[in-house]
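Just below is one structure, and these are the notes that go with it.
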Protein chains: 2
Amino acid sequence: MGTTQLAPVPVPEPKYLHLRTVLSQALDSEFSVGEILPNERELAARFGVARATLRQALEQLELEGRLQRRRGVGTTVAPPRVGVAVGAPGDAWPGAADDGWEPLDSAPAVPPASVADTLGTDREEAVHTVRRSRVSHGQPVAAEVLYVPRTSVPGLSAIDAPTGPARARAVLRALNTLEPGHRENAVELGSAHVDDARELDRLPGAPVLIVTTRWVTGDRTAALSVATYRADTCRLTFGEAGDVRIHHGPTASHAS
Amino acid sequence: MGTTQLAPVPVPEPKYLHLRTVLSQALDSEFSVGEILPNERELAARFGVARATLRQALEQLELEGRLQRRRGVGTTVAPPRVGVAVGAPGDAWPGAADDGWEPLDSAPAVPPASVADTLGTDREEAVHTVRRSRVSHGQPVAAEVLYVPRTSVPGLSAIDAPTGPARARAVLRALNTLEPGHRENAVELGSAHVDDARELDRLPGAPVLIVTTRWVTGDRTAALSVATYRADTCRLTFGEAGDVRIHHGPTASHAS
DNA sequence: TAGTGGTCTAGACCACTGA
DNA sequence: CAGTGGTCTAGACCACTAG
């Protein structure tokens, strides 16, 4: 810690990273939320770089939730990420009360092999699949597919006709009559598939946070949910409160 | 629903997304973990696209944790993401037992304003900062900065000299003598800064999962941690088990 | 229709790794 | 040193939005 610190730049920072920093500071000082930036061609010219390089910087800032870009419209300053509660202790089962999820559809279907394996069902066996959508602050933030083995909701076989929201609600209702167990969540980074992207109002390939939740009763998995959250607009909170805002300082991570 | 579904492709899929799918299938069928792919110039030629386009596809696959690229070396098939337990109920305080974190250093420092605000300290007030590193399966997976207000560990002022791992351990030991409260976690997407990147063996700008943890006793924040996890190699698990593997099927999210 | 961001190209050079 | 991925350029065209 007693070393001289003058110009320890053996690696001249890449242009796009420097640009990112410059733009980031400009966002803090000269722009306000929702404001629209100059277009990419002009920004590139203004900074004396190729458009591709400028776009690399913008990509970073979008990844960090500071910018929002929409084709045909422009680049705007994004509001701070919204805190989205995941796995709050209240909803022991999915679909409890008014938890922010809206049931869209439901149908029996054969799940992906990996899902079948964790559910403990046969790989060719159909399970109830429920599609839900989550909206927060007027914006769609997540799309979910919920897999429920038939054995988890035995009384449900009678309902076959009304594929749609009604059926989805029926599955959720049936789940909520069961004895609750505990939940296990996992979060990882992914990219939005075409259908998810459409539902989240993003382009395919956009970064998403994939939350897989396992509802466990005894030693078996009673239900499995795979939810994809918009990574640009969401901060997922676990354990308690849903909208305590931490850390949206000048830069994304900690400052030295 | 009942609509004909033949060639509903009003938007011909971008090349790089199609490429991503093709490569993804190739990874599933023709390559095994750790295997090295042909170099980018050859792949681009083989698929008849520009190198930049090929790289867009590779970026996606890297984002999904399917590939690992290292400059000067090549592109290899990544192993499945490792499950990393975050906020397991066991460690009520950070630094308990052998929790996978290695203390690196500690010093008093003025934290970023946003951190000071959640800690409830003055913006110019110095707090204990502890840097830790987390290793899993021999690879560094996370870098952390832990902020501990002086008032949380009053008996510690005596220790001033030995900046380094010893001091870090002292702060953690002091914390662990306190009455435990509860934890609040939040996860969001970010990009690695220069120092984090170096510690995680990634390039600056690489996508990371930023986990902020608040330790709350009563109504005040006793400690705050900002940890950046490698997004490419990690799957963060909450609540329980640390290495149950779910869903690493042909594609990242759910399949239809 | 004009203007935006998204995709794509064909090249060049650089930084890094390992033999 | 040769070979790899990372950065950067200067263009072109496309898909989309909104007036």
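The figures here come from the full heavy-atom set of this structure, side chains too, leaving out hydrogens, waters and symmetry mates. Order of the sequence lines fixes the chain letters, A, B, ..., with proteins taken first and strands second; residue numbering starts at 1 for each chain.
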*asked:* Would the distance check show the side chain of Arg66(B) and the main-chain N or O of Ser24(B) forming a donor-acceptor pair, the cut-off being under 3.5 Å?
replied: yes

_Atom-pair distance (CG on Leu58(A); P on dT4(C)), nearest Å_ = 14 Å

*Are Thr75(B) and dT4(D) close enough that a side-chain N or O sits under 4.0 Å from OP1 or OP2?*
no

*Produce a footprint string for nucleotides 7-13 of chain C: one letter per nucleotide, 5' end first; B if the base is under 4.0 Å from any protein heavy atom, S if only the sugar-phosphate is, - if neither.*
BSB--BB

*Does Thr53(B) have any side chain to side chain donor-acceptor pair (under 3.5 Å) partners at least two apart in sequence or in another chain, and if so, which?*
none

*Of all residues at least two apart in sequence or in a different chain, which pass the side chain to side chain donor-acceptor pair (under 3.5 Å) check with Arg134(A)?*
Tyr229(A)

*Please determine if a side-chain N or O atom of Arg69(B) lies less than 4.0 Å away from the OP1 or OP2 oxygen of dG6(D).*
yes

*With sequence neighbours left out, what residues match Glu42(B) under salt bridge (charged side-chain N to carboxylate O under 4.0 Å, His left out)?*
Arg46(B)

*All side chain to side chain donor-acceptor pair (under 3.5 Å) counterparts of Ser32(B), not counting sequence neighbours*: Glu35(B)

*Between Arg70(A) and Gly74(B), just flag the one whose closest nucleotide in DNA chain D comes earlier from the 5' side.*
Gly74(B)

*In which ranges does DNA chain D form stems of 3 or more consecutive Watson-Crick or G-U pairs, distances under 3.5 Å?*
C:1-18 with D:1-18

*Considering residues at least two apart in sequence or located in another chain, which fulfil the salt bridge (charged side-chain N to carboxylate O under 4.0 Å, His left out) criterion with Asp117(B)?*
Arg123(B)

*Please identify each residue that fulfils salt bridge (charged side-chain N to carboxylate O under 4.0 Å, His left out) with Arg51(A), with sequence neighbours left out.*
Glu40(A)

*Would you say Glu102(B) has more than 12 foreign heavy atoms packed within less than 6.0 Å of its CD?*
no

*How many Å lie between CG on Asp232(B) and P on dG5(D), as a whole number?*
16 Å

*Rounded to the nearest angstrom, tell me the gap between atom CD in Gln68(A) and atom P in dG6(C).*
11 Å

*side chain to side chain contact (heavy atoms under 4.5 Å, CB included) with Ser133(B): which residues, sequence neighbours excluded?*
Leu104(B), Val135(B), Glu199(B)

_Euclidean distance, atom CG of residue Leu67(B) to atom P of dG6(D) [Å, nearest integer]_ = 11 Å

*Does a nitrogen or oxygen in the side chain of Asn39(A) sit under 4.0 Å from OP1 or OP2 of dG3(C)?*
no

